[in-house]
Amino acid sequence: MNTSRSRGRTPRTLRVAALAVLLTTGAFTPSASADSARTETPVGTSGGVTETVVRVKAPLPASFGARPEACEWLSYLRYRSSSGPASSADADRVLVAQPGILEGAGAFDSVARNTVTRAAEQGRHIEFWALDRRSNCLEDRTGIASGDQHTAVDYYYRGKQVQGRTFAGFVGNDKLGWMAKLGIEQTVRDEYTLLAAELPDQGVRKDKVLCGGHSLGGVITGYFATADFDGDPATTADAGHNQCAGYFALDTTVSTSLGDLSGSIPDDTNLPDVGLGYGVVQAGLDSGLLPRSLSAPVLLNPETMTLLAIAGVGALQNPGGEADLPSYLPANTNIEATNRFLFSKDTATFLTGSPAVKDFQLTNEAILGSLMDDQSVPLAFLQSSVGFFDGGPIADKNFPVANGSSSQPGLFGTEYKAIPAEPHGPLYTWRNYDRVGDPDDPGYRSSDGTPFTAAGKEVTDIQELVRSMAAQPLDFTEQYFPTKLVTDLELATSPQVKRLVVHPDGLTANPTLTVLAGDGLLAGRVPADLHPVVADGYQHLDVLTAAPVQNNGRPEPVSTALTGFARTPR
């Protein structure tokens, strides 16, 4: 029996009310410096953690060409102890986190809160900065911030106004010319610019800042550590490794190689063939012959990634209510193909489209669980462990690969996949992570007798995931991920990229904490020489989204490890 769910948990009604407060971000008046080069807007305070969204003006070089004014700014979510100092420079430590591929600052919400809280309990006041990459400037959160699912759908897909604003549409490749140059060099330069603006004293940065990231963020941190920012390698105060007291890696490694991230980029994305060489790829990006942002035909494109946040709005607005999202969405090829890919039991269902997701009765939480849980969504780098279906019979989901297949690609993870079995049947609900294994748990099993899940495999509270996806001013996803950022890293041996590694010893110049998801991208090939902390049962996203108290009654291990690392003597 799981007895942990009452430990340290806020009652559900209060949690939902607290989440709703975050949607009122736009009602706050931002503070700004005299030259309006910086704004800081309150998001909310709860559980002893104060959250703000910070924007710092950092114009791109003129060589990037025309771009929206919003893209002249860098943004991050700042989490700090409510009882701690107001100035970041006075904090005991500042953790600065780079997102993974197709990931935004909102994804760090739970791990940031958990880490700040854990440190405060130990008498330490630390900050956690969740960075948005510059390309997140293209996203419009107006519909999500309305707090109403139908309003959000109407705004993004039917041209209806929200607060006098009309959605300008999803941005096409012809409008992304400036992103043709948005690669690893500008990405690490942006981090340096932000750190120098927010913490002008280099000695403070070297003494207090811990630099890190999740997934691809570990590789970006590796390039940051080896970079030189003043053009003179002989002067090292500006070197990347001298902006950090240490590094942290969340289900990744701090390196300058993509080798540890196999399975993080689907094979069907529009990533160009880097075998063409750096010059040809760059010319294709500059001309627009190659796509300037990374996407895939289903699920991973701006239109469909917006659906994740919209599903989150429904689970925030009415968690246990029957969802009408599948039938309320407009009918188009992109959305239909995505729904078939995610909700098809087998290949025949995918090809015929019957039964479709709208033929099932699902609560709003069950819809979100279907989109994000490791027993449902097929792509490993999108998986979290938020509980399981409940309320009716469950069947094996054998599409796109079969359960129990020994040749199952790493891209699809290793967990058995499940799907509701009865269209037009019972109302399927969602059993949250901390109710799996309770006496009333049906204990669903696959057709071969294998349990679909167990309490030790479930670690993320679905309502905390909702908060990350639907109640943050900065997005959980990165809808316009720069293609050049990946092609640069895949062309790491080309002279144009090799020159960026000016201080290779920077990778080992500071202590490093590596925290891996036990069932994540590096499962089965843990680099023992890094002495990693392994979070058992965690999937790739769980290192960011896990609840503060786990089903074994113990504190969440990722934030615990980060808190301990932040206490390392300077």
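Values in this document were obtained by computation on a predicted structure and should not be read as measured data. The first residue of the sequence shown is numbered 1, and numbering continues consecutively from there.
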Asks: Is it true that the side chains of Glu303 and Asn332 contain a donor and an acceptor less than 3.5 Å apart?
Replies: yes
Asks: Between Asp440 and Arg431, is the closest basic N to carboxylate O distance under 4.0 Å?
Replies: yes
Asks: Assert yes or no for the condition that the ring centre distance of Phe248 to Phe565 is strictly below 6.0 Å.
Replies: no
Asks: Sequence neighbours excluded, which residues qualify as ring-ring contact (aromatic ring centres under 6.0 Å, His included) partners of Trp129?
Replies: Tyr76
Asks: Please state whether the rings of Tyr328 and His150 are parallel, tilted or perpendicular, taking 30° and 60° as the class boundaries.
Replies: parallel
Asks: Go through the side-chain N and O atoms of Ser385 and Glu458 and say whether any donor and acceptor fall under 3.5 Å apart.
Replies: no
Asks: Evaluate the side-chain contact (heavy atoms from CB on, under 4.5 Å) criterion for residues Arg113 and Glu464: first the C-alpha distance (whole Å), next the side-chain angles of each, then the deciding distance (0.1 Å), finally the verdict.
Replies: CA-CA 11 Å; Arg113 292 174 183 278; Glu464 290 192 17; over 6 Å; no
Asks: Evaluate the side-chain contact (heavy atoms from CB on, under 4.5 Å) criterion for residues Thr560 and Arg554: first the C-alpha distance (whole Å), next the side-chain angles of each, then the deciding distance (0.1 Å), finally the verdict.
Replies: CA-CA 10 Å; Thr560 299; Arg554 301 184 66 180; over 6 Å; no
Asks: So Phe481 and Pro302, do their side chains get closer than 4.5 Å, heavy atoms only?
Replies: no
Asks: In Å and rounded to the nearest 0.5 Å, what is the CG to CD distance from Asn403 to Gln375?
Replies: 9.5 Å
Asks: Under 3.5 Å, side chain of Thr352 to main-chain N/O of Ser354, donor-acceptor pair present?
Replies: yes
Asks: Is the side chain of Ser135 donor-acceptor paired with the backbone N or O of Tyr480 at a distance under 3.5 Å, no angle test?
Replies: yes
Asks: For the residue pair Gln539 / Asp542, report whether a side-chain donor-acceptor contact shorter than 3.5 Å exists.
Replies: no
Asks: In Å and rounded to the nearest 0.5 Å, what is the CH2 to SG distance from Trp73 to Cys137?
Replies: 13.0 Å
Asks: Please state whether the rings of Trp430 and Phe389 are parallel, tilted or perpendicular, taking 30° and 60° as the class boundaries.
Replies: perpendicular
Asks: Of all the heavy-atom pairs spanning Ala86 and Arg78, show the shortest one and how long it is.
Replies: O-NH2, 2.6 Å
Asks: Answer with yes or no whether the side chains of Asp140 and Tyr156 bring together a donor and an acceptor at under 3.5 Å.
Replies: no
Asks: Looking at Gln317 and Gly147, what are the two nearest heavy atoms and their distance?
Replies: CD-O, 3.8 Å
Asks: If only atom types and distance count, is the side chain of Asp109 paired as donor or acceptor with the main-chain N or O of Gly106 below 3.5 Å?
Replies: no
Asks: Roughly how far apart are Asp434 CG and Thr460 OG1, rounded to 0.5 Å?
Replies: 11.0 Å
Asks: Please confirm whether the backbone N or O of Thr453 pairs with a side-chain atom of Tyr416, one donor and one acceptor, at under 3.5 Å?
Replies: no
Asks: Is there a side-chain contact (heavy atoms from CB on, under 4.5 Å) between Arg467 and Gln463 once you walk through the steps?
Replies: CA-CA 6 Å; Arg467 180 183 63 208; Gln463 280 297 313; over 6 Å; no
Asks: If we count only N and O atoms by modelled type, under 3.5 Å, do the side chains of Gln479 and Thr306 hold a donor and an acceptor together?
Replies: yes
Asks: Can you see which heavy atom on Glu127 is nearest to which on Ala91, and at what distance?
Replies: CG-CB, 4.0 Å
Asks: Check whether any side-chain heavy atom of Gln149 sits under 4.5 Å from a side-chain heavy atom of Asn364, and report yes or no.
Replies: yes
Asks: Donor-acceptor check, side chain of Gln98 to backbone of Gly218, threshold 3.5 angstrom: yes or no?
Replies: no
Asks: Side chains of Asp448 and Asp396: does their closest heavy-atom pair fall under 4.5 Å?
Replies: no
Asks: Can you find a heavy atom in the side chain of Ile394 that is under 4.5 Å from one in the side chain of Ser446?
Replies: no
Asks: Can you tell me if Tyr538 and Glu556 form a side-chain donor-acceptor pair at under 3.5 Å?
Replies: yes
Asks: What is the distance from atom CD1 of Ile126 to atom CZ of Arg80, rounded to the nearest 0.5 Å?
Replies: 13.5 Å
Asks: Would you compute the distance between atom CD of Gln550 and atom OH of Tyr433 and round it to the nearest 0.5 angstrom?
Replies: 6.0 Å
Asks: Is it true that the side chains of Thr349 and Asp346 contain a donor and an acceptor less than 3.5 Å apart?
Replies: yes
Asks: Hey, is the main chain of Leu351 close enough, under 3.5 Å, to the side chain of Arg340 for a donor-acceptor pair?
Replies: yes
Asks: Given side chains that start at C-beta, do those of Leu474 and Asn136 come closer than 4.5 Å, heavy atoms only?
Replies: no
Asks: Nearest 0.5 Å, what's the CD-CG distance between Glu365 and Asn432?
Replies: 6.5 Å
Asks: How close do Ser468 and Phe476 get, heavy atom to heavy atom, and via which atoms?
Replies: CB-CD1, 3.7 Å
Asks: Checking Asp324 against Ser327: is there a side-chain donor and acceptor pair closer than 3.5 Å?
Replies: no
Asks: Side chains of Met469 and Leu316: closer than 4.5 Å at any heavy-atom pair?
Replies: no
Asks: Could you check whether any side-chain N or O of Asp154 sits under 3.5 Å from a backbone N or O of Lys160, counting only pairs where one atom can act as donor and the other as acceptor?
Replies: no
Asks: Any side-chain heavy atom of Thr545 sitting closer than 4.5 Å to one from Met372?
Replies: no
Asks: Ignoring hydrogens and geometry, is there a side-chain-to-backbone donor-acceptor pair from Arg124 to Ala566 under 3.5 Å?
Replies: yes
Asks: Under the criterion salt bridge (charged side-chain N to carboxylate O under 4.0 Å, His left out), I'd like the reasoning laid out for Asp475 against Arg141: C-alpha separation, chi angles, the key distance, then a yes or no.
Replies: CA-CA 8 Å; Asp475 210 342; Arg141 297 284 287 173; 2.9 Å; yes
Asks: Looking at every heavy atom in both Asp251 and Gly520, which two are closest together, and how far apart are they?
Replies: OD2-CA, 3.7 Å
Asks: Are the side chain of Asn301 and the backbone N or O of Ser295 linked by a donor-acceptor pair below 3.5 Å?
Replies: no
Asks: Do Phe360 and Pro326 come close enough that some side-chain heavy atom pair is under 4.5 Å?
Replies: no
Asks: Specify the closest pair of heavy atoms between Gln383 and Pro378, including all atoms of both residues, with the distance to one decimal.
Replies: NE2-O, 3.4 Å
Asks: With a 3.5 Å cut-off and no angle check, do the side chains of Gln361 and Glu422 form a donor-acceptor pair?
Replies: no
Asks: Checking side-chain contact (heavy atoms from CB on, under 4.5 Å) for the pair Ile310/Ile144: CA distance, chi angles, key distance, verdict?
Replies: CA-CA 6 Å; Ile310 292 175; Ile144 303 301; 3.7 Å; yes
Asks: Tell me whether the centres of the aromatic rings in Phe388 and Tyr444 are closer together than 6.0 Å.
Replies: yes
Asks: Hey, what's the ring geometry for Phe128 with Phe108, parallel, tilted or perpendicular (30° and 60° as the breaks)?
Replies: tilted
Asks: Side chains of Asp148 and Ser146: is there a donor and an acceptor less than 3.5 Å apart?
Replies: no
Asks: Is it the case that the side chains of Asp390 and Thr429 hold a donor-acceptor pair, with the cut-off being a distance below 3.5 Å and no angle test?
Replies: no
Asks: Strictly distance-based, threshold 3.5 Å: is any side-chain N or O of Asp373 a donor or acceptor partner for the main-chain N or O of Gly369?
Replies: no
Asks: May I ask you to check whether Thr45 and Thr50 show a side-chain donor-acceptor distance below 3.5 Å?
Replies: yes
